[in-house]
Amino acid sequence: MSAVGAPLLDVDDLVVRYPVPRGLIGLLRRRPQLAVHAVEGVTLVVEAGELVALVGESGCGKTTTAQAVLRLVDPLSGSIRFQGDDITQLGMRALRPLRRRMQIVYQDPYESLDPRLRVQATVEEPLLIHRMGGSKGERASLVSDALARAGLSPPELFLDRFPHQLSGGQRQRVAIAAALVLDPQLLVADEPVSMLDVSVRAGVLRLLEELKASGLGILMITHDLSTAARFADRIAVMYLGRIVEEGPAGEVVRNPQHPYTKALLSVVPRRDPRMRRRPQILRGETPDAVRIPSGCRFHPRCPIAIDVCTTEDPSLRRTDSTQSPHHRAACLLA
Amino acid sequence: MSVVLHEPGAVADPEPVPSRGGILWNTIRRRPSAAVGAVVLSLVVIAAVLAPWIAPYGLHDQVGPVFGPPSWSHPLGLDDGGIDMVTLLVWGARISLVVGFAATLVSMIIGGAIGVLAGYFGGKTDSILMRITDYFLVIPDVPLMIVVAAIWGPSLFHIVIVIGILLWTSTARVIRAQVKSVRERVYVKRARSLGAGHARIVFRHVLPQVAPLLIANTVLTIAVAIFDETALSFLGLGDPSRVSLGKVIENAFQRAAISSGAWWAIVPPGALVAVVILSCSLIGGALEDALNPRLRVAHVSARTFRLRPLVGRSDSSL
Amino acid sequence: MRGADYVVKRTAFALVTIFVAVSINFVLFRLAPGSAVSNLSRVPHATQELRQALKRQFGLDKSRGRQYLIYLEQLTRGNLGVSFENEQPVSTNLKTAILNTLPMVALGTLFAIVVGTLTGVIAAWRRGTPIEGATVTTALGFYSMPTHWLGLMLVILFTGILPTGGMTNDFLINPSFWTHARDVLSHMVLPSLTLGLVLFGEYTLIVRSAMLETLGEDYILTARAKGLRPWAIIRKHALRNAMLPIVTLVALSLGYIVAGAILIETVFSWPGVGRAVYDAVLNRDYPMLQGAFLFLTISVVFFNLVADLLYYKLDPRIT
Amino acid sequence: GGSHSKSGGTFRLATSSGIDSLNPYVAFNQDAYSMFEYIYPLLVQYDKDNKQFVPDFARSWTTSKDGKTWTFTTVAGAKWSDGKPLTAADAAWTINTDIKYKGGGAANAAGLIAHIRRAVAPNPTTLVVHYAAAPGNVLGQFQQFAILPKHVWSKHLGHKGADLKTFPNNAPVVGAGPFKLVEYKKNQIALFQRNDSFFGPKPQVDAFGLRIFSNDDAMVSALKAHEIDAIEAVPATAIKTLKSAGFTITQVPGVDQTDFIFNSNPKKKTHRELLNLKLKEAFAHAVDRDQIIRVVFLGTAKPADSIVPQATGWHNPQLKPESFDLGLANKMLDQLGYKRGSGGVRVANGHKMAYDVITPTSVQSTSRTFQIMQASFAKIGVQLRQKALDATTAFDEMSGPNGKYLNFDLALWDWVALIDPDFMLSVVTCAQYGGWSDSGYCDKKYDRMYSQQQLTPNQDKRRALVWKMQKYLYDRRPYVWLATQDSVDALSPKWTGLVPSPQGPFNSLSKVSLTSVHQK
Amino acid sequence: MTALLQVEDLHVWFDLQDGGELHAVQGVSVGVERGERLGLVGESGCGKTTTVLALMGLLPPSASASGRVLLEGTDVLAGGEASMRPHRWSDVAIVFQGAMNALNPVRTIGSQIVEAIELHGEAGGKAARAQTGELLESVGIPAARASRFPHELSGGMRQRAAIAMALSCHPKVLIADEPTTALDVMVQAQILELLDSLCRDFGLALILVTHDLPVVAQLCDHGAVMYAGEIVERGLVDTLYHAPRHPYTRLLFAATPDLGHETEEIVSIPGAPPRLDQPLVGCPFRPRCDSAFEPCATSRPLLRRVADRHAAACHLNDRPSQAPG
Ligand SMILES: Nc1ncnc2c1ncn2[C@@H]1O[C@H](COP(=O)(O)OP(=O)(O)OP(=O)(O)O)[C@@H](O)[C@H]1O
Ligand SMILES: Nc1ncnc2c1ncn2[C@@H]1O[C@H](COP(=O)(O)OP(=O)(O)OP(=O)(O)O)[C@@H](O)[C@H]1O
Ligand SMILES: [Mg+2]
Ligand SMILES: [Mg+2]
């Protein structure tokens, strides 16, 4: 029933806001209701078998985007299509079967597993929730399969363990196994490795890479550009609720168009001591998502901003100096 | 590329997971104060359970003169009805404990339910329930108990209900706070994003996590309930047909035991109440301490780290 | 303006709570079987006329709803009604009782706050030493004793040394201020001590755990890294933060003190507000009860509000 | 006065009940009435033995032939404590005011002026009281009737007399008794000073103080510590230690009687076997009065048998307490056909003989008494269950619904009798439904006897009638009387002369006790 | 010449609740000279923070320590807490992991800095306040913000304030324990740049604790790699990257993705570090090592000098033919 050829996930002009509490006095004085503009018109596509990385500073709206995609927060406007079906307005009940097909993996492997449940129970839970997997025996084999797919083999070694008996990497794998057991088409991974030790990060990332190869669409949120550059097919750079640059990973890293992307890339520390560079540091903190600057939202921090930037809000478009047709940036000067 | 990913070996040796009973047990094992409390409380509970068999005399048998002094046959003397004090203590502990446990059960059910509902659902439900809790928190509870006991009549059942109804607030608050934090745990979010129902989340993920705290709170509530029962009895609002420890104190007080020199009618029952409450507090306090990670390290303390003699192993040449 | 909203909200809540309390009290006491009249008119020469007259007088012949409205209306005028028992304004009766209770309770509480805070801090500071063990055990011990029983134990211990009952011993006509003060003070020692000891236990435990929580915070480590001496850290960094939970709990307990006062006043024949409540219950003296409850609720709510505002003062994070 | 003993000093007495109000239109407590006895003039008082009426403010009195007019000659030249003259006009004014406002502000005194049409004072020393019918207990009523100063109280007649109740009558009170009330603190102390302008015999002490204790222990320790000089109701348990500490213990028969109440309402709905007089008699034989007296009262009580206590002087001497005889009781119940069922409990009318006994929590002794009765009743196959309620609730439960006495079965309570038997005899009349009745007893024949005694001015004839009524009630048993408590007071060895009475040394019967107390 | 700060054979044990003992630091020896920057890296739980706390004498009561901490030649650990106190802040200052909680929430930023200045007699009253203003300006915070409370500043600002506070008594050594964890990339860059310039301007010695190798590579001249409570390799960062002498160092670099090497294979080190509450036999890294051989199972390698200013604790170095790197 899904449209043939439609992308796995197609997000168009998504807007999400969180109201700011006004307080009693504010209410009485009829102060205007303010809102955090967490996501302000995000457009994004994830194809099956593709790993898209969403990068950006803290608070720019990455997690909110992910949650809106999974319909865990309600978008204000815009549309979300999953395999061609518009799921923006679906109710709780109608969403249930859909939940199976899109899964999320959270950042903190130490928090994302119930400390009181054994691996077996954790991985089995999604099946129970969706009343799937048939008999007990069948479920057990599904659980083992999922664990094996997540790189925990032989599964028997892990089934009876509690989370605290696992290393961080193993926990994250269990979390991924619990997401895989329902055989989803889309996996959203919100900073899947940022809490892990460097020594085990690669293992988890390579697992994602493998899953992608097997046809899963993955939306990975990260703030680490080196990771994104290494593992993602495409990178979308977010700034203050909006995607400011988007394109094939290599393109974006090697040939950044937006000054923000450039700055981000320049501050990534390199592991070779001989490669010391002077980073191009943006001054000031991430601006307030409640009061978005007029014009180009990046202009107050932009090193190359000109007058027109304060008034005109650039849209995401192909720029002259890009090679790939899919490389787009939202900068008047690019 | 298709590297088979293994994470072999080097897995931390499996150690037993602290189960709910385990936390109670571990705390008792590790902290001497909790152990003392547990032993004393168990002794009292055993004596209370076995009251019909171990009480030396009948609960209503007048076995000597009013306020008979301690003797070989009555080591703690007699009360104002000529009844053996040891017998009264054993039976009294039984009733006091029943009230303590039953009232605590009531308050746990109410407080637990309200705490879970408020903490789990948050928002309006939370504010309404918490306002109600706040109200209960500000009503002066002993006076209210007096009123209610006077209105309903002094029966054990009413006392249990009244105490239970007044004690749930602290439970509700503690549980709510804990549920609120558990609710934000990632695995709960994950279960929700999977489409799990509220009941499933509450019973499978939230409650087990809250349980240890609930146990600690229960033990402390038992102490308060026993205390309140004693106070109510003392004010003449206890059930006159049931001999609780509070009732024993009240009887002695009403019959001027002190001025007639019969200290034995008034000192032991109060001391026994104090011991029971103390035991509960020791256990509950130790549990709370154990469960509160913020209490574990004090960065400033009269004690400092110790120095050990040098070991000397690696060479430090550069 | 920081926290104006907070202050308004807390105050509004306090007022609503009082209103709810007032209303619930009204209903509560009227649920009771029997009325003041059935109680009051049981004197040997009572007649049916007397019963009717009393009913009329106390407005008990009106509907409950009307009684409630009248009650509210009178309340707004600061009129708490007339005590069924002695036909005097409730406010007069209450005032006498409260004035008797206050000094006794204040002395006990003061003792508890001072000693409790001190021992609590010492217990936290001496964590893991026998001193902590001893302090905590003592505190728990007092905390565990039934209030009235502790009072009775003091009576046993101090009979003949200190007065064990009543508020004055003084049958002199117009005694000099000092004679009277000495007399009252000597009578106050035991009841205040009882209250003080029970509260002391509680406060020690509260202060200790609040201190321990604070001492585990990272900024304490920072302070130590700065080279501050331990007591300076406790004074300048820990106490102020630990004050937050302490303030709330102390405020809450102040409200309950009156409840404890009932027990203490019974043991020591102290003519205070606790006794007044107790007698009013037995006499079904609704106006008196309502008045007393109003007072108790207001004092709890008030102390809570004070705690909230203090919190606001102490903790800049509150907005 | 005028003895060789040391006069002066302050006599300090402890009480555990206390004065609830200084206003006679408001006060209910016994201690308040005892106080009025000492600060207000009354027409008559009892003699030292509480047998005869003797002059107080009235020096003498006469009755008209028809018994409807009483003329009192009062003391000449008496003064109120503020110096204003005290005359018969004050008495007449008080009586007439009470009549006028008996449905309102003066309702509290309505019972005392029953049947009075009006009173007049033709001259300062003559008071004439006109009755609608000739009553049998005129002096008994006046003995409780405090005369108030017209010049003070006439200012408080506003709001149709309602102001009589709101007047606090704060100390110092304008009175004309042997003492002046100079200071009063509710629930603490009342302090009285000798009134040197009193028309009668003057007290020997300079002052008298009443200290109020809410618990017995504190009271006894205060006595031991000589903070006070006497206790008027000594807890039985403390008697031994006080005696050995050298205090004088005086024990006289009292008027407080505990009773076992049967709901005797003929219209009672359930458990109607309890109306059976034979059953009541059997139950009466199952009461071990001796043990009750030994355990509950430690010997400071006597077995009781009548609604009128012995100490009043109106007790019928032919009545005797039922013997404690479980064999007899069992035999009687067997004869009634109540067979023993499971657990040895008898069955009556198809149901177990298991009954709730209402006990008021305010009467401390009832719980222990109940326990003793419960044990012996178990031996006659009757199961008793205690239902303890606070006094108000208990009375509601007994008289319910709506004062019809339909539901309750049994109760334990006590009655404090007055000296004149009229009041005690009245509580079992039909008219007292919803009022004083606590047994639901209603018997037309008895009611007729009651009205008859009320209107029998001849005291001998009245006595015969009162005896007959006692026997009548004894046989029908709305109450089984258990014990009459003694009135026990303790006095410091430094003092003497305190006069005991069934109501205690500080009583509303006469002024003799505190006027004669003095230091040794 | 005596080193500015020299740690010798430091051991730290923690008493555990169940009566056992955790050997958190197992013989660490490391030092810094004036103006030198040392990066201390290692996986979570390897004992970095504990080492740093021990050298400031800030261990909790449940700890016990042995070894020497020489500050310009004098052992400041020998007398326990008391002997260290006078040196704190005026000689060695520290910026803690997670500055959010390292500042007292109920006192203003300024007062907390003034407190340190006054305590060490640097200045008093007005002068101290003026100095505070200057300090704040020097870390890029307007002096007027001194009267703000910590919660009124952003995470980056708070971290800067903490740094300003650390500099308030002109210490010779600044220890920064994961100063950028939990901060954003851009803010991290700002802080690192700040540390860099401060060290240069004030001639500070810096001990930077982190688990982020690239950060060390960018900022420090020396590096020490910790594993399971001990230092397994130390040397110039350049040597560590280009010529590591311990497999762990090599693997750590290989596990770190790097811009410009997008196609490079990123390795993951299997397994997890050993438990420290049980005695270790052999090389602690052996179970995870890709080039372990016989002696590793039985004998624990010592930290040995392998080249000029370069030491490693690996048996491979005993076989010149098989130098790991
Ligand atoms: N539940 C919420 N209520 C109100 N505001 C929120 C909520 N969740 C997020 N925000 C705000 O929305 C904005 C975007 O938040 P979001 O969590 O999506 O950012 P992020 O890019 O994921 O940041 P990070 O890298 O720190 O995870 C932030 O300003 C955040 O404070
Ligand atoms: N107070 C303590 N009591 C018991 N064990 C402790 C204590 N503090 C630390 N440890 C243990 O000591 C070891 C070293 O901890 P430390 O905090 O020094 O590691 P770290 O290298 O700083 O790690 P991270 O990168 O996570 O900060 C760990 O195994 C830790 O669990
Ligand atoms: Mg996020
Ligand atoms: Mg650390």
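The chains referred to below are lettered A, B, ... by the order of the sequence lines, with proteins before strands, and numbering in each begins at 1.
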S.K.: Does any heavy atom of chain B fall under 4.5 Å from the side chain of C:M145, the backbone, both, or neither of them?
M.R.: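 Contact with chain B: backbone and side chain both.
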S.K.: Which bit of C:L221 comes within less than 4.5 Å of chain B, counting heavy atoms only: side chain, backbone, both or neither?
M.R.: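 Both backbone and side chain.
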S.K.: Name the orientation class of the two ring planes belonging to C:Y219 and C:H237 (parallel below 30°, tilted from 30 to 60°, perpendicular beyond 60°).
M.R.: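 Taking C:H237 first and then C:Y219, their aromatic rings sit tilted (interplane angle of 30° to 60°).
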S.K.: Would you mind checking which part of C:R126 comes under 4.5 Å of any heavy atom in chain B, side chain (CB onward), backbone (N, CA, C, O), both or neither?
M.R.: both
S.K.: Could you please spell out the steps behind the side chain to side chain contact (heavy atoms under 4.5 Å, CB included) verdict for C:W149 and B:T230?
M.R.: CA-CA 9 Å; C:W149 183 77; B:T230 313; over 6 Å; no
S.K.: At a 4.5 Å cut-off on heavy atoms, which part of B:I258 comes close to chain C: side chain, backbone, both, or neither?
M.R.: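 Contact with chain C: side chain only.
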S.K.: Does C:E132 have any salt bridge (Lys or Arg N to Asp or Glu O under 4.0 Å) partners at least two apart in sequence or in another chain, and if so, which?
M.R.: C:R127, C:R208
S.K.: Under a 4.5 Å heavy-atom cut-off, does chain C meet the side chain of B:A271, its backbone, both or neither?
M.R.: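 Contact with chain C: backbone and side chain both.
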S.K.: Only pairs of heavy atoms separated by less than 4.5 Å count here; which of C:R224, C:M211, C:H148 has the most with chain B?
M.R.: C:H148
S.K.: So which of C:T129, C:I234, C:T147, C:V136 has the largest heavy-atom pair count under 4.5 angstrom toward chain B?
M.R.: C:T147
S.K.: Ion pair present between B:R255 and B:D79, side-chain N to carboxylate O less than 4.0 angstrom?
M.R.: no
S.K.: In a table with atom names and distances, give each donor-acceptor pair under 3.5 Å that connects a side chain of residues 12-23 of chain C to protein atoms at least two apart or in another chain.
M.R.:
residue, atom, partner, partner atom, Å
C:T17, OG1, C:F13, O, 2.6
C:S23, OG, C:F19, O, 3.0
C:S23, OG, C:Y68, OH, 2.7

S.K.: Any side-chain donor paired with an acceptor under 3.5 Å for C:S209 and C:E213?
M.R.: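 Distance-only check fails for C:S209 and C:E213.
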S.K.: Measure distances from B:I249 to the heavy atoms of chain C and classify the residue's part below 4.5 Å as side chain, backbone, both or neither.
M.R.: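 Only the side chain of B:I249 comes within 4.5 Å of chain C.
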